[in-house]
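One structure below.
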Amino acid sequence: MFTDWFVQEKNPWFMKNAVNRYWFWLFGTGIVHEPDDFRADNPPSIPALLDVLSQEFVKSKYDVKQFLRLVMSSRTYQQSSIANSPYSEAGKLFACYPARQLDAEVLEDIFCQVFYAGRNYASDVPEPFTFVPAYLRTFTLADGSITSPFLETFGRPPRDTGYLVERNPNATPSQKMFLINSSEMVEWVDRYWRIRQEAQAAIGEVPANERTRKFIEYLWLYLLAREPAEIEFLNVEKLLKVPGRNEQLVFQDVIWTLVNSKEFLCRH
């Protein structure tokens with residue numbers, strides 16, 4: 001096809017630019033970085049890698065899903081986020097997976113799902129007014145002018161340009177304050193009863209002396225997708241044994257702690 005010929009013969013940078021942007025979305029750092037600064041005097045950190053990925057993308061007939069599957073099934077993507085190399089250039093050369101906070105839209109969808117909440121969006125401009133029902137996920141919002149305090153706080157870009165650097169991926173003090181002490185977080189955590197209700201349905205009938213341990217296990221699986229370590233079991237049980245402590249408040253604090261952890265908030 002003419003398009004294939006044009007891309008490969010007339011504009012070889014086009015494929016490399018596209019592949020580099022996909023790589024940036026997955027790793028937070030482009031092979032050419034910044035990803036919007038794609039020019040001859042800003043060379044890729046690993047030229048051979050960029051060449052191979054571009055060739056694979058062309059071979060797949062520009063199948064984005066296949067390309068993402070290729071990268072995400074690689075050892076590079078599946079590495080630990082803990083660097084094992086003493087060299088300062090290790091991160092730049094993708095010797096470990098760079099842990100970073102999830103995007104604002106993804107985080108809001110996760111919080112709404114975890115706490116069985118919803119978010120209605122509306123835009124007064126332009127007419128006719130735009131209304132987005134709560135059952136639609138936030139990441140599907142196509143209009144950059146439709147926003148919320150949560151999205152603005154967590155760095156969703158206004159989409160004034162097509163540059164990837166519009167999005168701020170770094171955690172900020174205002175984000176930390178939101179997660180620790182915002183009225184919205186209080187409302188979400190107050191929906192503990194719904195989590196407990198779903199947990200009871202999932203756990204089923206168990207002996208009374210096992211219910212607490214089963215619920216702790218459920219919380220870790222529900223929020224972190226793993227079973228708690230023994231030390232984590234012991235820490236929660238220790239809190240529950242403090243005289244005068246209300247069980248519901250203890251578990252609300254545990255939930256609050258887990259959703260404030262890097263394990264919950266970050267890709268890793």
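Hydrogens, waters and symmetry mates play no part in the numbers below; they use all other heavy atoms, side chains included.
- Taking the six-membered ring for Trp, Phe94 and Trp23 have ring centres closer than 6.0 Å.
- Of the possible donor and acceptor atoms, none in the side chain of Asn42 sits under 3.5 Å from a partner among the backbone N and O of Phe38.
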Practice item. Assess whether side chain to side chain contact (heavy atoms under 4.5 Å, CB included) is satisfied between His33 and Phe24, documenting all intermediate values. Key: CA-CA 8 Å; His33 199 73; Phe24 173 84; 3.8 Å; yes
Review point. Passes side chain to side chain contact (heavy atoms under 4.5 Å, CB included), Val19 versus Glu56? Steps please.
Key: CA-CA 10 Å; Val19 163; Glu56 290 296 324; over 6 Å; no
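- No donor-acceptor distance shorter than 3.5 angstrom exists from the side chain of Glu108 to the backbone of Phe150, with no hydrogens or angles considered.
- Contact annotation: the side chain of Leu221 never approaches that of Arg226 to less than 4.5 Å [non-hydrogen atoms, C-beta and beyond].
- Between Arg191 and Glu198 no salt bridge is recorded (no basic side-chain N to carboxylate O distance below 4.0 Å).
- Looking only at distances, a side-chain donor or acceptor of Asp63 sits under 3.5 Å from a matching main-chain atom of Gln66.
- Aromatic ring orientation, Phe27 versus Tyr97: tilted (interplanar angle from 30° to 60°).
- Classified by interplanar angle (parallel below 30°, tilted 30° to 60°, perpendicular above 60°), the ring pair Phe115/Trp188 is parallel.
- When all heavy atoms are compared, the tightest approach of Ser54 to Lys16 is OG-CG, 3.2 Å.
- Judged purely by atom type and a 3.5 angstrom limit, Trp256 uses its side chain to pair as donor or acceptor with the backbone of Leu179.
- Asn235 places a side-chain N or O within 3.5 Å of a backbone atom of Ile231 that can act as its donor or acceptor partner.
- Closest of all the heavy-atom pairs between Arg21 and Asp36 is NH1-OD1, 3.3 Å.
- In this structure, the side chain of Tyr62 does not engage the main chain of Met15 through any donor-acceptor pair within 3.5 Å.
- Smallest separation of non-hydrogen atoms from Glu166 and Arg159: OE1-CA, 3.2 Å.
- Atom CD of Gln113 is surrounded by 12 or fewer heavy atoms from other residues, nucleotides or ligands within 6.0 Å.
- Tracing side-chain contacts under 4.5 Å through hydrophobic residues (I, L, V, M, F, W, Y), one reaches Leu50 starting from Leu93; they form part of the same cluster.
- Between Leu164 and Trp25 the shortest heavy-atom distance is CD2-NE1, 3.2 Å.
- The distance between the ring centers of Phe264 and Phe111 falls below 6.0 angstrom.
- Phe178 and Phe154 have their aromatic ring centers within a separation under 6.0 angstrom.
- Atom OH of Tyr116 is surrounded by more than 12 heavy atoms from other residues, nucleotides or ligands within 6.0 Å.
- Judged by distance alone, the side chain of Asn20 and the main-chain N or O of Ile31 form a donor-acceptor pair under 3.5 Å.
- Linking Ile, Leu, Val, Met, Phe, Trp and Tyr residues whenever their side-chain heavy atoms come within less than 4.5 Å leaves Ile255 and Leu249 in two separate clusters.
- Contact check for Leu107 versus Gln101: side-chain heavy atoms found under the 4.5 Å cut-off.
- Annotation for Leu258 and Leu219: closest pair CD1-O, 4.5 Å, computed over non-hydrogen atoms.
- Remark: side-chain polar atoms of Glu210 are not paired, donor with acceptor, to backbone N or O of Pro207 under 3.5 angstrom.
- In the hydrophobic clustering of ILVMFWY residues, with side-chain heavy atoms under 4.5 Å counting as a link, Leu151 and Tyr163 come out apart.
- A distance-only check finds no donor-acceptor pair linking the side chain of Glu217 to the backbone of Glu227 [under 3.5 Å].
- One hydrophobic cluster, built from ILVMFWY side chains closer than 4.5 Å, holds both Ile203 and Leu240.
- In this structure, the side chain of Gln175 engages the main chain of Thr153 through a donor-acceptor pair within 3.5 Å.
- Residue Leu141 comes nearest to Ile146 through the heavy atom pair CD1-O, 4.1 Å, listed as atom of the first residue, atom of the second, then distance.
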